Student: 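Before I ask anything, let me first share the structure, which is written out below as structure tokens.
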Amino acid sequence: MDFNPAAIGRAPGRVNLIGEHTDYNAGLCLPLALPRAASAAVAPRPDGSLDLRSESFEDPWRGNVEDLAPGTVSGWAGYVTGVLWALRQSGLDVPGLDVRVDSDVPIGAGLSSSAALECAVAVAVAGLLDLPLSEKVRTRLAHVCVRAETEYVGAPTGGMDQTVAMLATEGSALLIDFDDDTTRDVPLPLAEEGLTLVVTDTGVTHDHATGGYAERRQECEAAARALGVASLRRASPADLDGLDDEVLRRRARHVVTENARVTDAVDAIGRRDWPALGLLLDASHLSLRDEFEVSCPELDLAVVTAREAGALGARMTGGGFGGSVVSLVPEERASAVTTALDVAFAAAGLAAPAHLTATASGGASAG
Ligand code: GLA
């Protein structure tokens, strides 16, 4: 660091265990925070100017805090300035700043590197403004970061990534209910049970600001409108027959069944019924592949391969169209699974995938 930070924030990436494309449908999801995180160090500048630098990207970004406006800054600096803009919109007096960011969350891997960055910046600025990191402030900062992403960057994502980055507890997954905006820790004693979560980045990158993600969100909204409900959370499996449009029916079926799978997964974890949890991961993947159509050949290959090599269950995780697969694996099969994935990707002429072990980590912290 070539400057003296006044405050520091740190926030993790995440892997979603189950509950995909449910957050923007007022649904349920069950992510956990990763041991990989972004950090941000901030120091005030008296003249309102901004000087942003990243360890990962060469170009610094300079501007003025008064001039920030949605849609004007792209790339990594867009997430940082978006949070500063959204914090100001929420009524906080954010001054000019030096900001230095760094991260070891893989970028474009579906592991929420952008939410980690947003939350790290939000926590650092909160520290500068002497806001204590209470649960209430964490929730408020998560909302600020969602605004940064949806209104300023223009990626129409839900709130799962920012919520888990701000509120996760070490050793637990976080059950998030987007209907009433509540969360609950779900202890995940995997190591004790001889199990591990292997996360495999296919190397296929995705961008939720453009393309299929926004289209899926619109389809879900159209399905809810056609059913006359405020959100797909209010739709039952029987209601789906009332949808004439076959594509909308399949999209809605994914969301309705996925919410039920999240509830079943929480029950399975509570009973320590790991084969049942594995089957729910498998079913989630099939639904995302066939009904919601957000998988891709590389994700499907990774899921099938992990399963054949001994995983209890496996699924794509995150928004899809690329990114990562999460596999629930008995510890003694972990290296067989990663080797099988490397071999299968090489045989298909694909670049070697990257693996990491997901242990349920804590949420954002100051310093
Ligand atoms: C991305 C978005 C999340 C969520 C997932 C799909 O990660 O950022 O809000 O919608 O996709 O579950």
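Model, not experiment: these values are computed from the prediction. Both backbone and side-chain heavy atoms feed into the values below; hydrogens, waters and symmetry mates do not.
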Student: Rounded to the nearest 0.5 Å, what separates atom OG1 in Thr257 from atom CG in Leu240?
Tutor: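 CG of Leu240 is found 8.5 Å from OG1 of Thr257.
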Student: Do the side chain of Glu20 and the main chain of Gly318 share a donor and acceptor less than 3.5 angstrom apart?
Tutor: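 Present.
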Student: Verify the cluster assignment for Val256 and Leu175: are they in a single hydrophobic cluster under the rule of side-chain heavy atoms below 4.5 Å apart?
Tutor: no
Student: Take atom CG of Asp47 as the centre, draw a 6.0 Å sphere, and report whether it contains more than 12 heavy atoms from other residues, nucleotides or ligands.
Tutor: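 Check passes, neighbour count above 12.
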Student: If you define the side chain from C-beta out and look only at heavy atoms, does anything of Ile176 sit under 4.5 Å from Leu167?
Tutor: no
Student: Verify, without hydrogens or angle tests, whether Arg147 (side chain) and Trp85 (backbone) share a donor-acceptor contact under 3.5 angstrom.
Tutor: no
Student: Could I get the full list of side chain to side chain donor-acceptor pair (under 3.5 Å) partners for Thr200, not counting sequence neighbours?
Tutor: His355
Student: Side chains of Val343 and Thr305, heavy atoms from C-beta outward: is any pair under 4.5 Å?
Tutor: no
Student: Looking at Ser49 and Gly96, would you say the former's side chain and the latter's main chain have a donor-acceptor pair under 3.5 Å?
Tutor: no
Student: Side-chain contact, heavy-atom cut-off 4.5 Å: Thr22 with Leu28?
Tutor: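 Not in contact.
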Student: Does the side chain of Ser284 pick up a donor-acceptor pair with the side chain of Arg315 at under 3.5 Å?
Tutor: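 Arg315 and Ser284 do have a side-chain donor-acceptor pair below 3.5 Å.
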Student: With clusters defined by side-chain heavy atoms of hydrophobic residues (ILVMFWY) lying less than 4.5 Å apart, directly or transitively, does Leu328 cluster with Leu17?
Tutor: yes
Student: Tell me every residue that passes salt bridge (Lys or Arg N to Asp or Glu O under 4.0 Å) with Asp245, counting only those two or more places apart in sequence or in another chain.
Tutor: none
Student: Which atom pair, heavy atoms only, marks the closest approach of Val105 to Ser112?
Tutor: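 Val105 and Ser112 have their closest heavy atoms at CG1-C, 4.4 Å.
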Student: Is Arg234 paired with Asp179 through a side-chain N to carboxylate O contact shorter than 4.0 Å?
Tutor: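 Looking at Asp179 and Arg234, the cut-off is met.
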Student: Is there any salt bridge (Lys or Arg N to Asp or Glu O under 4.0 Å) pair reaching into residues 64-77, and which pairs are they, with sequence neighbours excluded?
Tutor: Glu66-Arg88
Student: Is a side-chain donor or acceptor of Thr202 paired with a backbone partner of Gly323 at a separation under 3.5 angstrom?
Tutor: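 Side chain of Thr202 to backbone of Gly323, a donor-acceptor pair under 3.5 Å: yes, one is there.
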Student: Apply side chain to side chain donor-acceptor pair (under 3.5 Å) to the pair Thr157 and Glu149, showing each step before the final yes or no.
Tutor: CA-CA 7 Å; Thr157 52; Glu149 184 145 337; 3.2 Å; yes
Student: Could you pull out all residues at least two apart from Ser74 that satisfy side chain to side chain contact (heavy atoms under 4.5 Å, CB included)?
Tutor: none
Student: Quick check: is Val266 connected to Val326 through a chain of hydrophobic side chains (ILVMFWY, heavy atoms under 4.5 Å apart)?
Tutor: yes
Student: Considering non-hydrogen atoms only, spot the tightest contact between Ala358 and Val199 and give its length.
Tutor: CB-CG2, 3.8 Å
Student: Show me the donor-acceptor pairs within less than 3.5 Å that the side chains of residues 295-303 make with the rest of the protein, sequence neighbours left out.
Tutor:
{"unit_1": "Ser295", "atom_1": "OG", "unit_2": "Asp300", "atom_2": "OD1", "d": "2.6"}
{"unit_1": "Asp300", "atom_1": "OD1", "unit_2": "His285", "atom_2": "NE2", "d": "2.9"}

Student: With sequence neighbours excluded, tell me which residues meet ring pair (Phe, Tyr, Trp, His ring centres under 6.0 Å) with His21.
Tutor: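 By the ring pair (Phe, Tyr, Trp, His ring centres under 6.0 Å) rule, His21 matches Tyr24, Tyr213, Phe292.
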Student: So does Glu331 have more than 12 non-hydrogen atoms from other groups sitting under 6.0 Å from CD?
Tutor: yes
Student: I'd like to check Tyr152 versus Thr72 (side-chain heavy atoms, cut-off strictly below 4.5 Å). Are they in contact?
Tutor: yes
Student: Calculate, to the nearest 0.5 Å, the distance between atoms CH2 and CG belonging to Trp76 and Leu52 respectively.
Tutor: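 The CH2 atom of Trp76 sits 5.0 Å away from the CG atom of Leu52.
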Student: Would you mind checking if Asp177 and Arg233 are paired as a salt bridge, meaning a charged N to carboxylate O distance below 4.0 Å?
Tutor: yes
Student: Please name all residues satisfying salt bridge (Lys or Arg N to Asp or Glu O under 4.0 Å) with Glu118, sequence neighbours left out, ordered by chain then number.
Tutor: none
Student: A side-chain contact here means heavy atoms from C-beta on lying under 4.5 Å apart; do Pro330 and Leu312 qualify?
Tutor: yes
Student: Using the salt bridge (Lys or Arg N to Asp or Glu O under 4.0 Å) rule, collect all pairs that involve residues 120-145, keeping only residues at least two apart or in two chains.
Tutor: none
Student: Quick one: does Val15's side chain get under 4.5 Å of Ser324's, heavy atoms only?
Tutor: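 The answer is no, as the side chains (C-beta and beyond) never meet within the 4.5 Å cut-off.
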Student: Check Arg249 with Glu246, please: is the shortest side-chain N to carboxylate O separation under 4.0 Å?
Tutor: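 Salt bridge flag = no for Arg249 with Glu246.
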Student: Looking at side-chain heavy atoms only, is the closest gap between Arg53 and Arg62 below 4.5 Å?
Tutor: yes
Student: Which distance, rounded to the nearest 0.5 Å, do you find between the CG of Leu117 and the SG of Cys145?
Tutor: 9.5 Å
Student: Nearest 0.5 angstrom please: Leu50 CG to Asn64 CG, how far?
Tutor: 6.5 Å
Student: Applying side chain to side chain donor-acceptor pair (under 3.5 Å), name anything that partners Gln89, two or more places apart in sequence or on another chain.
Tutor: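 With neighbours one apart ignored, the set is empty.
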Student: Is the closest basic N to carboxylate O distance between Arg225 and Glu221 below 4.0 Å?
Tutor: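 Looking at Arg225 and Glu221, the cut-off is not met.
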Student: Do Arg100 and Asp51 sit within salt-bridge range, that is, some charged N less than 4.0 Å from a carboxylate O?
Tutor: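 Salt bridge flag = yes for Asp51 with Arg100.
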Student: Closer than 3.5 angstrom, by distance alone: can the side chain of Arg14 be matched with the main-chain N or O of Ala165 as a donor-acceptor pair?
Tutor: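 Checking the backbone N and O of Ala165 against the side chain of Arg14, no donor-acceptor pair under 3.5 Å is found.
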Student: Given Leu190, which partner from the list Thr196, Thr359, Leu195, Leu32 fulfils the side-chain contact (heavy atoms from CB on, under 4.5 Å) test?
Tutor: Leu195
Student: What closest approach, in Å, do Glu332 and Gly194 show between heavy atoms, and which atom pair accounts for it?
Tutor: OE1-O, 4.5 Å
Student: Measure from the side-chain N and O atoms of Ser113 to the backbone N and O of Leu111, and report whether any donor-acceptor pair falls under 3.5 Å.
Tutor: no
Student: Is Leu341 isolated, or which residues cluster with it under the ILVMFWY side-chain rule of less than 4.5 Å, directly or via members?
Tutor: Val198, Val329, Val337
Student: Got a sec, which pairs hit salt bridge (Lys or Arg N to Asp or Glu O under 4.0 Å) with one end in residues 358-367, sequence neighbours left out?
Tutor: none
Student: Specify the closest pair of heavy atoms between Pro44 and Leu128, including all atoms of both residues, with the distance to one decimal.
Tutor: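 Scanning both residues completely, I find the closest heavy atoms to be CD-CD1, 3.8 Å.
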Student: With hydrophobic residues grouped by side-chain heavy-atom distances under 4.5 Å, do Trp274 and Ile18 end up in a single group?
Tutor: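 Same hydrophobic cluster.
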Student: So, do Glu293 and His254 sit near enough that their side-chain heavy atoms are less than 4.5 Å apart?
Tutor: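 With C-beta onward as the side chain, the pair stays apart.
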Student: Using 0.5 Å steps for rounding, measure from the CG atom of Leu131 to the CG atom of Leu87.
Tutor: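 Here the interatomic distance stands at 9.0 Å.
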Student: Is there a path of hydrophobic side-chain contacts, each under 4.5 Å between heavy atoms of I/L/V/M/F/W/Y residues, joining Leu92 to Val99?
Tutor: yes
Student: Would you check if there is a donor-acceptor pair between the side chains of Ser172 and Asp185 at a distance under 3.5 Å?
Tutor: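 Short answer, no.
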Student: Scan for salt bridge (Lys or Arg N to Asp or Glu O under 4.0 Å) pairs involving residues 33-46, sequence neighbours excluded, and state none if there are none.
Tutor: Arg45-Asp98
Student: Okay, side chain of Asn16, backbone of Gly19: is any donor-acceptor separation there less than 3.5 Å?
Tutor: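 Checking the backbone N and O of Gly19 against the side chain of Asn16, a donor-acceptor pair under 3.5 Å is found.
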Student: To the closest 0.5 Å, what do you measure between CD1 (Ile269) and CG (Leu188)?
Tutor: 5.0 Å
Student: Which heavy-atom pair separates Val153 from Gly78 by the least distance, and what is that distance?
Tutor: CG2-O, 3.8 Å
Student: Answer yes or no: is there a donor N or O on one side and an acceptor on the other, between the side chain of Arg184 and the main chain of Leu174, under 3.5 Å?
Tutor: no
Student: Under 3.5 Å, is there a donor-acceptor pair between the side chain of Thr339 and the main chain of Ala336?
Tutor: no
Student: Closer than 3.5 angstrom, by distance alone: can the side chain of Arg10 be matched with the main-chain N or O of Ala120 as a donor-acceptor pair?
Tutor: no
